[in-house]
Amino acid sequence: MLRLAWSSFTERWPLFIGAILTVTLGVALVQSSLLLLLAAAAQQAPSGADDVTALQLAERSLVAVTVLAVTLAFAAFLAVFIISSTFAFTVAQRRRDLALLRLIGGSHQQVRRLLVSEAFLLGATGTLIGIPAGVGLMHLQAALMARLGFVPESFTGHWHWWILGVSIGVGLGLAVTGVLLAARRAARVAPLEALRETGAATRVMTRGRWIAGTVLVLGSVLLIGLAGVGGPAGGQAMAMLVSVSAAVGFTALSPLLVPFAARLIPARPGAVLAHLAKANLRDSVRRSASTAAPLIVLVGLVLGQSTSLLSFSAAAQEELRNSTSADLVLTSAGPRGLETVDGTDGIAHLSIETSLPISVTTGTGEMAFTEIGRALIIEPERYSRAHPGSTTIGQLPAEAAIAGPGALGTPVGSTVGIRIGDIDLGERTIVDQVPPTIAGGAAVLLDADSVAADLQDSGQTTTFITLEEDAKPSEVVDRLQGFGTVLTFEEWLTSSAAAGTTTSASILLVVMGLGGAYALLAVVNAVVIAAGERRREFAAARATGLTRGQVITMALIESSTVTAIGIGLGVLAAVGTLLAVVTTTTATLGTASISVPWLLTAMLIIGAFLVTALTSAATTITGTRQSPIRLLQSRE
Amino acid sequence: MGPSGSGKSTLLHTAAGLERPDAGRVALGDTDLSAASEDQLTALRRSRIGFVFQSFNLIASLTAEENVSLPLRLAGRAPSAAEVQQVLASVGLEGRGRHKPRELSGGQQQRVAIARAMITHPEVLFADEPTGALDSTAARSVLELMRSMADQGQTIIMVTHDPSAAARADSTLFLRDGQIVDHLTGADTAAVAARLVSLEA
Ligand SMILES: Nc1ncnc2c1ncn2[C@@H]1O[C@H](COP(=O)(O)OP(=O)(O)OP(=O)(O)O)[C@@H](O)[C@H]1O
Ligand SMILES: [Mg+2]
């Protein structure tokens, strides 16, 4: 079987390039992300660093680990998804070959073994390229993470020999599991199919597709509804998930949706080429579905994630504006000396808030759970004046704390343990809570009197200042310059929104980059395979009276139509996320806050059309170079 | 023989166990093909039945030798080089074993297909218009090859449009509308052609 697999592999390698490249990309990404993930998780504070610095580093590496874990998960998800659909298409294109094997005495098992052996060879080739590519990618990824500020400049991944085993396992595993389903179906091919000139239209819409597609699409609808009651954090997660699950669901249903959409696209009566192209689309369901699928995932993922990111960051800013009352904002390293400013000329009121990294332990004994988070050191009375509607506690006892806007699982009445490295801030009872916000924030609020002053000085302090009616802002600003950076409230809002979104923006960057790379591979692959298999069909069309130019135009119309349908379904998936954003923001803010990345959308759409049009034109032009009669005469 | 659409291919496929009859029984020797399982039919294709078709259906990525030895390999038995050479020689393709199908002419490709069918020494060789895609010279030599195989005792069931091809057979059945309507033995080209014309009328 391996011999036969090898010969068809060497003979028909253009058919397999896409599959090899997807395996390569999968192996490289998983290997690089895994090595970096380990390095990030193992980061140590330099010896001699104080407790706050050490905890800050731990906080940063937690973000780095999150970004890498998301990369790893998306890389694995896209690899499985794209590899299995690429293999399914590759196998489907060869049904006639497989039927022939059955005709001359091959059994089901042998056909299956042949396909699995082929996948094994493809996987091995992909792994062989993927491992060194992964080493290069690791440096690139580390540099990118350092540039985005998640890790120090000196951060590097370390090569471990055991990763070879992981990469080989991933490569071969991805390829073989990717082909299993397609191989099982293909093995059932009837020998008679070898005798049909044009491969019989096989049923593309399988039961598995029906079930997966329906469940995922219904799940998305459910998520849109639930996003409103999931709270700000839950709502955001659900909104982001909507477009992922809708896009995958649409992909599963694409053999049904794509021909249906093609029917809806109007063609002028008398436009022969357009009619021919539409007929082709409806007829070769598998081909059009295979081309549309990666586009649906790409557009759905990228637009869905970026829309929710932008909208939630706009909503967070809106929320912050509504819940804060200040004219000036002073940011400084620690609160030292700020007390002296209070009550001086022009300042009506101020709230000094210092943020410190902490580890929070909830539960006791076996159930104890420790998390890294932030404590906001405040004076409760001043805090509630600067943040109307937040809390009404006037005096906070030393052994108490308020659950902050980013608190998770610390209801009023529960007890939490708070530490900064070796410094124990004690067991504290949660006596009140401020409403959770979209932007998240501190896990607990502590009274300034209950935290040592020198410890506070190692934190980052934000002071919200309300001016007196007749104060001259410029004079106050001048007086405050010595303490830190002074911004007007609006300036501060803009800068804090930008800072708050770096984590999600980098995750988005990762998702877009990965999604884009995979989708590009899959689309180009589908178009190339399809055009290669259609040489005879094109020749027949030309023998019937179409010119070469007309054949190329027809193929272009076809690929553009499929692209339009794929983009349309992807946009529909993104609209799902948009609806979930509306329900979430309406529930937390009272009004819907949405923001759509129009430029990105336009670029994505134009890019998708360009790529499919160019690939399709290039492959059709080479595919029609030979004279049609020569092609029609040679049967094999 | 029979007009286009009369059911020739259907009858051949049913007889070879590629299609199942809605009613009736197909027997090869004392094996009931209509009741055989997929696995039993696969085993039959490896040992007792051979096929040749109008399109040669060779595997493009394999050489002639490899194509010919494939059925035995699928059956789990690697034929010796001499065995493959001998079968190729018997169809007049000495020295062509290392060529890929596309490097061979249509007639030669059809001979490879015949060699591939013959390597298992089938009880019956089924052929559906084996000369349909060949020019007349190539067609004649393929027919001669099949005739000489039949003379050596090989059973061949062939579907054809061509009266001169039918005339090489020992016995000819005529079909129309899915029914066997006539039967000639040892007829010459003119007699077969006349019968065909009367059927198509
Ligand atoms: N005995 C039968 N009962 C019912 N339907 C039949 C029967 N024989 C043939 N048919 C149907 O008739 C159609 C044509 O049959 P087939 O392809 O076998 O014709 P043919 O003689 O091989 O034609 P051609 O010479 O064009 O190859 C097929 O759709 C087949 O299902
Ligand atoms: Mg026929």
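Letters go in sequence order (proteins before strands), and every chain restarts at 1. Computed from a predicted model, the values in this text were never measured in an experiment. Atom set for the values below is all heavy atoms of this structure, side chains included, hydrogens, waters and symmetry mates excluded.
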Quiz item: Would B:Leu18 and A:Leu103 count as a side chain to side chain contact (heavy atoms under 4.5 Å, CB included) if you check the C-alpha gap in whole Å, the side-chain angles of each, and the deciding distance to 0.1 Å?
Solution: CA-CA 8 Å; B:Leu18 291 173; A:Leu103 189 64; 3.6 Å; yes

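- The OG1 atom of B:Thr42 sits 8.0 Å away from the CD atom of A:Gln109 when rounded to the nearest 0.5 Å.
- Annotation: A:Leu180, atom CG; neighbour count of heavy atoms from other residues, nucleotides and ligands within 6.0 Å is above 12.
- With respect to A:Arg188 and B:Glu38, no salt bridge is recorded, no charged nitrogen being found less than 4.0 Å from a carboxylate O.
- In the displayed structure, A:Arg184 atom CZ is contacted under 6.0 Å by at most 12 heavy atoms of other residues, nucleotides or ligands.
- Around atom CG of B:Asp22, no more than 12 heavy atoms belonging to other residues, nucleotides or ligands sit under 6.0 Å away.
- Proximity to chain B is limited to the side chain of A:Leu100, based on heavy atoms less than 4.5 angstrom apart.
- Contacts of B:Asp128 with chain A are absent, with no heavy-atom separation under 4.5 Å from either backbone or side chain.
- With contacts defined as side-chain heavy-atom distances shorter than 4.5 Å, the pair B:Arg45/A:Ile104 does not qualify.
- Residue A:Gln110 comes nearest to B:Leu74 through the heavy atom pair NE2-O, 2.5 Å, listed as atom of the first residue, atom of the second, then distance.
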